[in-house]
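Right, one structure below, let's go through it.
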Amino acid sequence: MSLDKITNPLHIRHWLGDMEADYIYTLGIAGEHFFKEIKENGRIMGAKCPRCNVVIVPPRMYCEKCFAKLEEWVDVGTKGTIHTFTVATIDVDGKKLKEPVIFALVKFERGCGGLIHKIGETKTKEVKIGMNVEAVFKPSFERKASINDIKYFKPTE
Amino acid sequence: MFGKKRVAIVGAGLTLFRRRLKETGKELSYEASKMALDAAGMELRDMQSVVLGTAPDAFDGVHMKGEYLADGAGAYRKPYTRVFVGGGTGVFTPLAGWWHVASGQFDSCLVVAEEKMSSCYPHPQYAFTTIFDPILERPLGMNLIWIFALEMHRYMHKHGIKKEDIARVSVKNKGNALDHPCAQLGAKITVEDVLNSEVMAWPVQRLDVSPTSDGGAALVLVSEDVAKEITDDPVWIDGAGWCIDSTLWTNRDLYYPDYVECAARMAYKMAGIKNPPKEIDLAEPYDPFDYKELHHMEGLLLCKKGEAPKLTAEGVTQRDGDLPINPSGGLLGVGNPIAAAGLMKVCEIFWQLRGEAGKRQIPGDPRTGLAQAWGDLMQYGSVIVLRR
């Protein structure tokens, strides 16, 4: 029986419930290397697979293709290119964001894979697929070993 | 080599798809299951096994959703399995039912898919925010629309596709859904309506997206021996394929769904299909977004890479075209209760092949149809090929 005409579900006979649970996630073996380097040295690391001869970004403890254990960490630099991007204008509630936010998939020349992150210091109309960008880090004393230690990526030219 | 027994579908059931239904998830499962059994002329006692498909527990809000829904799906004291492969669940569920029977272990299997997204308050989008990597992605405030916007943009960029080329899919599917008695969002709209709708995350706009829904769907599967006893009109499961790509979606190009091609090739090999566009009479590829129908037509090898928008513009994919795509109205028109939406597509192929699709019936004499679903982090493909 459709209740579509009732726009506020609190107006139907109901029971309110929740599934509250909080979590603490470990960074993992590869994540520890990745975030430690971001926090302490402002470097973006990948992991080299000796068998497939590729550097995987972000690094992983194993190669998902050949199942080799990865133990060689490689600095892939802080510069990459925009592989694709979106300009988000509404939030998860469907409300308009104060400022549009640009999210991009940034790929690195020296690694396969990439990072999802925000693009800053540019206008939404100027962003393009293929644009060269570089990571802008928070000052070291503000870094917490989080993906948000990178503030955003900004265009290099 | 592909299973000991040929497996037939002999009945299908589908509830209304609506934003919010009064029925509980169990009740939706019951209604769809009962309809499918009635259509097959069978009773629950005739079902030797049950497979249920349903997406994240967070929608219904019960952290053992498979067990919670079991009685509504007819599983009381039967061999029972819940399967879950994200958005791919709806087409994967009958594949799991297929191997129950093809293996020879059972002569019958009740296949049920359910989703009650409206329980998640204030909006099921909240359940989607926790599907991402908790360390690499969630701290950025990701949501589902944004990642599909990234994929859509990459697809458009790679082939030089314009928004209006994609909007035609939404126009077609919402129009087709006007003829579907279960549909939530059947509508006569224009390309301009899509292009003028609210921008959510460029290039995704409101009318590019399917709605969230409540709904249930079910099929009755039996072995060849049983099928021959009870019906003159069985529909055979002749192709089954499924594949998962890397969870690190940043490691893919995004312009092309390789994992869908992998699943399709597996299903085509089993069905002996060498030339998919020639040998498949109609298809129901997964269309939670309008660009996904095009993306999936290409992944399913129904056309060349980048060619799907052209076929759509030429009318090839209309119900009276050479290759009808989503004659049901798809997720864009009928609605998107995740697992039930995928199974709705298999129901549609079943009805079309039996000539029972009513106003939606495609012309000619369709013999071979395909349904496909897609899910997880843009990484999962499930494909089923049906023949009359």
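Heavy-atom basis, side chains included; hydrogens, waters and symmetry copies ignored. Letters A, B, ... are given to chains in the order of the sequence lines, protein chains preceding strands, and every chain is numbered from 1.
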Between [X] and chain B, which part of the residue has a heavy atom less than 4.5 Å away: side chain, backbone, both or neither?
X: A/Val106; answer: neither
X: A/Leu10; answer: side chain
X: A/Lys107; answer: side chain
X: A/His14; answer: neither
X: A/Asp91; answer: backbone
X: A/Asn148; answer: side chain
X: A/Arg13; answer: neither

Heavy-atom pairs under 4.5 Å with chain B are the metric here; pick the option from [options] that has the most.
options: A/Leu16, A/Asp18, A/Ile129, A/Thr124; value: A/Ile129
options: A/Gly17, A/Ala21, A/Gly31, A/Pro9; value: A/Pro9
options: A/His83, A/Lys96, A/Glu64; value: A/His83

Give a yes or no answer on whether the side chain of A/Ser2 reaches the backbone of B/Arg18 with a donor-acceptor pair at less than 3.5 Å.
->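 Side chain of A/Ser2 to backbone of B/Arg18: no pair is present.
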Between chain A and each of B/His153, B/Arg206, B/Met156, B/His123, count heavy-atom pairs under 4.5 Å; write down the option with the most.
->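 Going by pairs under 4.5 Å, I would pick B/His153.
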Selection from B/Ala149, B/Pro122, B/Ser119 maximising heavy-atom pairs under 4.5 Å formed with chain A =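 Heavy-atom pair counts peak at B/Ala149.
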